[in-house]
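A short worksheet on the structure shown next.
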Amino acid sequence: MEIYIEPIMQKKKLFIFGAGHIGKAIATIASKMDFEIFVIDERTKEIDNLNLEGIDKLPVNHNKIIPNLPFDESSFILIVTHDHDIDREILGLCLKKPFSYLGMIGSKRKIEITRKMFISSKTATKKELDKVDMPMGIDIKAQGPYEIAISIIAKLIEVKNKNL
């Protein structure tokens with residue numbers, strides 16, 4: 001008699017901060033993959049417009065929820081909110097959390113300003129910031145929310161599969 005035991009793999013957690021056009025596009029594509037997905041945005045209208053099954057929608061302020069989220073070394077954290085200041089707040093709060101991937105969307109200028117702000121205020125070291133993918137995704141000259149989402153998902157796949 002032969003017995004085959006298949007290990008049960010726990011889904012990797014994907015935290016998407018921002019339920020706007022890009023956050024929604026990322027969640028839509030990622031919902032077809034093997035992620036446990038959490039979309040966090042205090043704008044209830046945006047969260048309510050996210051009509052995807054199997055996604056945990058958290059209509060709450062990031063400052064209140066981040067200390068209680070189940071981050072671990074296999075967590076993927078994406079920052080795609082509607083406001084640069086909110087993006088930076090979330091980044092500052094998530095930098096010290098365990099993660100497999102942490103990325104923030106933004107222009108080269110936004111990223112440069114963020115790096116300078118974090119280093120000068122001692123919010124983060126250069127070494128900590130180097131662990132953050134910003135601007136996140138793979139540079140494929142993406143245009144529009146779904147192309148941007150695909151560039152980000154491609155990066156997640158690369159990170160997820162790097163040790164296979």
Side-chain angles (χ1 to χ4, degrees), residues 6-62 64-66 68-95 97-111 114 129-164:
E6 186 173 328
I8 298 172
M9 302 300 284
Q10 187 175 16
K11 286 185 173 185
K12 297 195 182 300
K13 295 177 198 77
L14 174 59
F15 298 95
I16 303 169
F17 288 92
H21 298 306
I22 295 172
K24 184 176 182 178
I26 293 167
T28 299
I29 297 167
S31 70
K32 309 296 184 215
M33 301 172 66
D34 198 27
F35 284 108
E36 181 179 2
I37 303 169
F38 302 85
V39 180
I40 303 102
D41 196 317
E42 67 184 347
R43 300 172 302 158
T44 54
K45 182 180 177 188
E46 297 297 330
I47 286 286
D48 290 344
N49 287 332
L50 190 60
N51 296 319
L52 296 168
E53 286 192 32
I55 291 180
D56 291 304
K57 300 184 292 186
L58 305 172
V60 65
N61 181 281
H62 57 276
K64 293 179 181 168
I65 193 81
I66 287 175
N68 302 310
L69 290 174
F71 294 118
D72 60 33
E73 289 76 19
S74 65
S75 296
F76 290 74
I77 305 167
L78 308 180
I79 305 170
V80 291
T81 77
H82 64 285
D83 184 287
H84 293 334
D85 290 333
I86 293 173
D87 287 351
R88 290 181 181 114
E89 282 181 24
I90 294 168
L91 179 61
L93 293 168
C94 291
L95 266 171
K97 302 288 184 184
F99 58 83
S100 179
Y101 176 87
L102 173 58
M104 184 177 79
I105 200 165
S107 65
K108 289 180 182 177
R109 185 174 189 283
K110 173 186 171 184
I111 301 309
T114 300
L129 290 171
D130 288 344
K131 294 178 185 176
V132 181
D133 187 24
M134 51 182 186
M136 73 174 152
I138 293 175
D139 186 3
I140 56 171
K141 309 296 184 230
Q143 300 291 312
Y146 278 90
E147 286 187 11
I148 293 168
I150 288 168
S151 77
I152 293 167
I153 293 289
K155 184 65 176 191
L156 298 185
I157 292 168
E158 179 183 58
V159 172
K160 181 176 76 69
N161 294 340
K162 72 178 175 190
N163 294 322
L164 294 181

Taking all non-hydrogen atoms of both residues into account, name the closest pair between [X] and [Y] and its distance.
X     : Y     : result
Ile55 : Ser31 : CD1-CB, 4.2 Å
Ile47 : Ala19 : CD1-CB, 4.0 Å
Arg43 : Gly20 : NH2-N, 3.7 Å
Pro70 : Ser75 : O-OG, 4.0 Å
Ile40 : Val60 : CG2-O, 3.7 Å
Leu52 : Ala27 : CD1-C, 3.7 Å

Hey, what do you get for [atom1] ([X]) to [atom2] ([Y]), rounding to the nearest 0.5 Å?
X      : Y      : atom1 : atom2 : answer
His62  : Ile86  : NE2   : CD1   : 6.0 Å
Met134 : Ile79  : CE    : CD1   : 9.0 Å
Asp133 : Tyr101 : CG    : OH    : 3.5 Å
Leu14  : Met33  : CG    : CE    : 9.0 Å
Leu78  : Ile105 : CG    : CD1   : 9.5 Å
Leu58  : Ile65  : CG    : CD1   : 5.0 Å

Is the backbone of [Y] close enough, under 3.5 Å, to the side chain of [X] for a donor and an acceptor to pair up by distance?
X      : Y      : result
Asp85  : Glu89  : no
Asp87  : Thr81  : yes
Lys131 : Leu95  : no
Asp130 : Val132 : no

Please report the C-alpha distance between Ile140 and Glu147 in whole Å, then the side-chain angles of each, then the deciding distance to 0.1 Å, and finally whether the side chain to side chain contact (heavy atoms under 4.5 Å, CB included) criterion is met.
-> CA-CA 9 Å; Ile140 56 171; Glu147 286 187 11; 5.5 Å; no

Which pairs with one or both residues in residues 19-28 pass salt bridge (charged side-chain N to carboxylate O under 4.0 Å, His left out), sequence neighbours excluded?
->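 Checked against salt bridge (charged side-chain N to carboxylate O under 4.0 Å, His left out) - neighbours excluded - no pair reaches residues 19-28.
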
May I ask you to test the Ile148-Ile26 pair for a side-chain heavy-atom distance under 4.5 Å?
->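 They are not in contact (no side-chain heavy atoms under 4.5 Å apart), so the answer is no.
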
Quick one: are Lys110 and Met104 in side-chain contact, heavy atoms under 4.5 Å?
->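 Result yes, sub-4.5 Å side-chain heavy-atom pair found.
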
Check against salt bridge (Lys or Arg N to Asp or Glu O under 4.0 Å), Lys160 and Asp34 = CA-CA 11 Å; Lys160 181 176 76 69; Asp34 198 27; over 6 Å; no

Does NE2 in His84 sit with more than 12 non-hydrogen atoms of other residues, nucleotides or ligands closer than 6.0 Å?
->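 No, because the 6.0 Å sphere around NE2 of His84 holds 12 heavy atoms or fewer from other groups.
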
Positive for ring pair (Phe, Tyr, Trp, His ring centres under 6.0 Å) with Phe76, one of Phe71, Phe17, Phe35, Phe99 =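 With Phe76 as partner, Phe71, Phe17, Phe35, Phe99 yield a single ring pair (Phe, Tyr, Trp, His ring centres under 6.0 Å), made by Phe35.
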
Can you list the residues that meet the salt bridge (Lys or Arg N to Asp or Glu O under 4.0 Å) rule with Lys57, with sequence neighbours excluded?
->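 Salt bridge (Lys or Arg N to Asp or Glu O under 4.0 Å) list for Lys57, sorted by chain: empty.
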
Kindly write out the residues that satisfy side-chain contact (heavy atoms from CB on, under 4.5 Å) with Asp56, not counting sequence neighbours, or none if the list is empty.
->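 Result, side-chain contact (heavy atoms from CB on, under 4.5 Å) vs Asp56: Glu36, Phe38.
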
May I have the step-by-step check of side chain to side chain contact (heavy atoms under 4.5 Å, CB included) for Val39 and Glu46, ending in yes or no?
-> CA-CA 10 Å; Val39 180; Glu46 297 297 330; over 6 Å; no

